[in-house]
Amino acid sequence: MAYKNPTLTVENKEVTFIKPSRPTPTTVLSLSSIDNAPENNIFMQTLHVYRSPNHNSPNTTKLDPANVIKEALSKALFYYYRLAGKLVTHADGKLRVNCNSEGVPFIEAACNCDLSSLHYLDGNDVETAKQFAVDFPFQDEFGNQYPLVFKVTKFLCGGFTIVMRRSHAIFDGTGASQFLKAVAELASGKTEPSVKPVWERERLVGTITSQPVQNPMDKATVAVSPFLPSTEFSHVCSKVGSVSIARLKMSLMK
């Protein structure tokens, strides 16, 4: 599929499935009660931009970022093998992870421009950013969900973008950062990630009690909004640049 925006074209190759580099357990794992809350059965996408400042230097080793990431992803999935399976809805209505090592869908793409011409996607141009997003079904023909989809887009300058589409029921932002760090570490030559994942979510499965949990907050002190409840939502893009992040860090250190 090709996306065109006057001079911008992104060409996607055929989807491949990246499996764990070594054999992993075949099992069905429970999610926690919080993971199974309906509002958590959603998918998030994050876009990460990597520039290549020395791409045109004759002394620079030209590595294909897609191939490097595929290999690192395969190694990371040995530790994070749940992501190589499927999210399956069981008879009780609960989601569980079917660890079958079928693999993570991986999309490789190529763009016909340099990252610098797009200002390294450091802005509020959501429509341009969407052209590098994952456009792949959320589930297979049996209705089972893909916990993770990876996409790498290469640019003429040697830079590339990584997009992760992930199930929020499987991992939140912190978990996603930990996983991406593991992929980066293995891509850089490390033999194993610095932090290995622990599951044990079956320990966080609860049941509805006859006595509801009491809210410790006094209703008179709870903040309320005149706009809630509401079914009207709008899309808002907020730019948090490096200067803002540095200022926040400095304020927290005081």
Side-chain angles (χ1 to χ4, degrees), residues 18 20 24-25 27-50 69 72-73 75-90 93-99 103-107 121 126 129-130 132-139 144-152 161-187 192-207 213 228 233-242 244-245 248-249 252:
I18 308 301
T24 57
T27 184
V28 176
L29 296 176
S30 172
L31 296 178
S32 72
S33 296
I34 295 177
D35 299 328
N36 260 303
E39 59 268 24
N40 286 329
N41 188 18
I42 58 175
F43 291 85
M44 318 288 287
Q45 293 200 43
T46 55
L47 185 150
H48 310 265
V49 182
Y50 300 87
I69 295 169
L73 176 60
K75 293 177 180 178
L77 289 175
F78 170 71
Y79 302 95
Y80 292 83
Y81 61 87
R82 299 92 176 168
L83 303 179
K86 296 283 181 62
L87 271 172
V88 180
T89 303
H90 284 242
K94 301 297 185 182
L95 286 171
R96 293 179 177 84
V97 185
N98 182 9
C99 303
V104 169
F106 187 97
I107 305 166
L121 296 172
V126 177
K130 283 182 179 178
F132 306 103
V134 169
D135 182 13
F136 188 76
F138 291 93
Q139 57 190 25
N144 302 323
Q145 300 176 0
Y146 299 101
L148 176 69
V149 179
F150 239 71
K151 180 176 180 180
V152 174
T161 60
I162 294 177
V163 171
M164 290 199 307
R165 191 187 73 193
R166 56 185 175 83
S167 166
H168 191 53
I170 291 291
F171 48 5
D172 57 11
T174 301
S177 298
Q178 178 179 306
F179 174 71
L180 189 58
K181 180 182 178 182
V183 174
E185 289 175 336
L186 294 167
E192 59 182 27
S194 56
V195 177
K196 298 186 180 68
V198 176
W199 190 257
E200 296 187 359
R201 300 194 189 191
E202 69 282 353
R203 301 174 61 183
L204 301 175
V205 176
T207 57
V213 177
L228 297 176
F233 297 93
S234 61
H235 180 270
V236 177
C237 181
S238 301
K239 179 182 177 182
V240 182
S242 58
S244 299
I245 294 174
L248 175 61
K249 288 182 178 179
L252 294 175

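What you see is a predicted model; the values in this text were computed from it and never measured.
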So, using side-chain contact (heavy atoms from CB on, under 4.5 Å) as the criterion, who are the partners of [X] when residues are at least two apart?
| X | answer |
| --- | --- |
| Thr174 | Asp172 |
| Ser244 | Val240, Arg247 |
| Gln178 | Tyr80, Val195, Pro197 |
| Leu47 | Val49, Leu121, Phe132, Thr161, Val163 |

Would you name the heavy atoms of [X] and [Y] that are closest together and state the gap between them?
| X | Y | result |
| --- | --- | --- |
| Tyr81 | Cys99 | CE1-SG, 3.9 Å |
| Pro137 | Tyr146 | O-CD1, 3.6 Å |
| Val205 | Leu31 | CG2-O, 3.4 Å |
| Gln45 | Ala133 | OE1-CB, 3.4 Å |
| Pro193 | Glu185 | CA-OE1, 3.3 Å |
| Lys86 | Pro147 | CA-CD, 4.1 Å |

From [X] [atom1] over to [Y] [atom2], what is the distance, rounded to the nearest 0.5 angstrom?
| X | Y | atom1 | atom2 | result |
| --- | --- | --- | --- | --- |
| Ile170 | Arg82 | CD1 | CZ | 9.5 Å |
| Leu73 | Leu180 | CG | CG | 10.0 Å |
| Arg96 | Leu87 | CZ | CG | 11.5 Å |
| Phe179 | Arg166 | CZ | CZ | 11.5 Å |

task = Measure from NZ or CZ of Arg165 to the centre of the six-membered ring of Phe138, then state whether that distance is under 6.0 Å and the direction lies within 45° of the axis.
result = yes

task = Take Gln145 and Phe43, measure what side chain to side chain contact (heavy atoms under 4.5 Å, CB included) needs, and give me the verdict at the end.
result = CA-CA 10 Å; Gln145 300 176 0; Phe43 291 85; 3.5 Å; yes

task = Please determine which of Val134, Val104, Ile18 meets the side-chain contact (heavy atoms from CB on, under 4.5 Å) test together with Leu148.
result = Val104

Leu95 and its side-chain contact (heavy atoms from CB on, under 4.5 Å) partner, picked from Asn144, Asn36, Asn40 = Asn36

key: Ile34 atom CD1: more than 12 heavy-atom contacts under 6.0 Å   = no

request  = Only pairs at least two apart or in different chains count here, so list each salt bridge (charged side-chain N to carboxylate O under 4.0 Å, His left out) that has a residue in residues 194-204.
outcome  = Asp35-Arg201, Glu192-Lys196, Glu200-Arg203

request  = With sequence neighbours excluded, tell me which residues meet ring pair (Phe, Tyr, Trp, His ring centres under 6.0 Å) with Phe78.
outcome  = none

request  = Apply side chain to side chain contact (heavy atoms under 4.5 Å, CB included) to the pair Lys94 and Ser30, showing each step before the final yes or no.
outcome  = CA-CA 9 Å; Lys94 301 297 185 182; Ser30 172; over 6 Å; no

